[in-house]
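For reference, the structure discussed in these notes is given below.
Each ligand, and each atom within it, is numbered from 1 in the order the structure gives. One-based numbering along the sequence shown. Just so it is clear, the structure is predicted and the values come from calculations on it, not from any experiment. Computed from heavy atoms alone, side chains included, the values below leave out hydrogens, waters and symmetry copies.
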Amino acid sequence: MSGKDTYKDLLKTGNLKSTKHRNALLETLEQSGLPLTAEELFLRLKEKNVSISLSTVYRILETLVDKGFVIRSQLATGNKALYELSHKDHHHHLHCVRCRQIFPVDGCPLEDYEQLLADRFGFTVTGHNLEVFGYCEKCKDHKQDG
Ligand SMILES: [Zn+2]
Ligand SMILES: [Zn+2]
């Protein structure tokens, strides 16, 4: 899956023009399958020989977050925001606070809860984010080491 207009239709639903940079950025997020920081995205785009600046990456991310195509989550353990696609394969992640590995978890336990909120508050839920922190299998015996 490549080609510079892969996300043309998606972008159109947000009244956004399909540009080389937006497409490349969305494609990189999709291929990653894990949330990335803006810096990581920037490096991956460089590896693909996409000529883009870090400030452009930030600017495009802001636009995509505004339109709901990308979800930004702030890690409790650091000050770097992570970005991931919101449009499909919705799932959540476990973050190991020791080795910093991120483990994707299939599926979402919150669908019923969203429905309950919709019923109770008359609120139209368009999304949520949920990040789970803790110690992975490898790290759980070393909690005291930091
Ligand atoms: Zn770990
Ligand atoms: Zn969910």
Side-chain angles (χ1 to χ4, degrees), residues 1-3 5-19 21-48 50 52 54 56-146:
M1 64 147 264
S2 62
D5 275 343
T6 313
Y7 298 94
K8 190 176 177 182
D9 291 340
L10 175 77
L11 288 164
K12 220 162 94 183
T13 64
N15 285 321
L16 292 177
K17 263 206 219 114
S18 173
T19 68
H21 281 160
R22 285 173 182 160
N23 275 282
L25 202 149
L26 286 165
E27 184 182 78
T28 306
L29 277 177
E30 177 136 45
Q31 285 166 350
S32 154
L34 289 172
L36 298 173
T37 65
E39 285 82 3
E40 285 168 342
L41 260 168
F42 172 65
L43 292 176
R44 291 195 189 199
L45 288 165
K46 289 260 147 185
E47 279 166 19
K48 292 177 172 186
V50 177
I52 193 167
L54 182 58
T56 305
V57 170
Y58 272 110
R59 203 172 61 237
I60 294 175
L61 282 170
E62 288 310 308
T63 307
L64 295 173
V65 168
D66 273 359
K67 296 290 182 179
F69 297 141
V70 168
I71 292 175
R72 174 178 45 211
S73 24
Q74 197 77 35
L75 280 189
T77 48
N79 43 22
K80 283 204 170 140
L82 289 170
Y83 298 88
E84 65 183 302
L85 281 192
S86 66
H87 72 292
K88 66 170 177 184
D89 296 336
H90 173 79
H91 61 271
H92 295 280
H93 303 101
L94 308 177
H95 297 261
C96 178
V97 296
R98 187 171 179 270
C99 69
R100 301 290 167 123
Q101 265 206 84
I102 301 173
F103 306 90
V105 182
D106 287 341
C108 174
L110 291 180
E111 279 164 19
D112 292 344
Y113 187 57
E114 282 193 352
Q115 190 53 52
L116 185 138
L117 292 174
D119 293 347
R120 186 175 297 170
F121 297 99
F123 192 85
T124 304
V125 178
T126 58
H128 60 253
N129 74 54
L130 167 71
E131 303 295 327
V132 181
F133 303 96
Y135 294 89
C136 73
E137 189 98 60
K138 272 207 316 269
C139 295
K140 67 183 175 194
D141 296 332
H142 302 280
K143 274 185 261 187
Q144 307 313 322
D145 309 352

*Give a rough value, rounded to 10 degrees, for the angle at the Zn ion (ligand 1) between atoms SG of C96 and SG of C136.*
120°
*Flag for N23-E27: side-chain donor and acceptor within less than 3.5 Å*: no
*Have a look at the Zn ion (ligand 2) and estimate, to 10 degrees, the angle subtended by NE2 (H128) and SG (C108).*
110°
*Ignoring hydrogens and geometry, is there a side-chain-to-backbone donor-acceptor pair from T28 to A24 under 3.5 Å?*
yes
*Would you please say whether a donor-acceptor pair under 3.5 Å links the side chains of E40 and Y83?*
no
_the Zn ion (ligand 2) to H92: nearest N/O/S atom name_ = NE2
_I'd like to know if the side chain of H128 pairs up with that of E114 as donor and acceptor (distance under 3.5 Å, no hydrogens or angles considered)._
yes
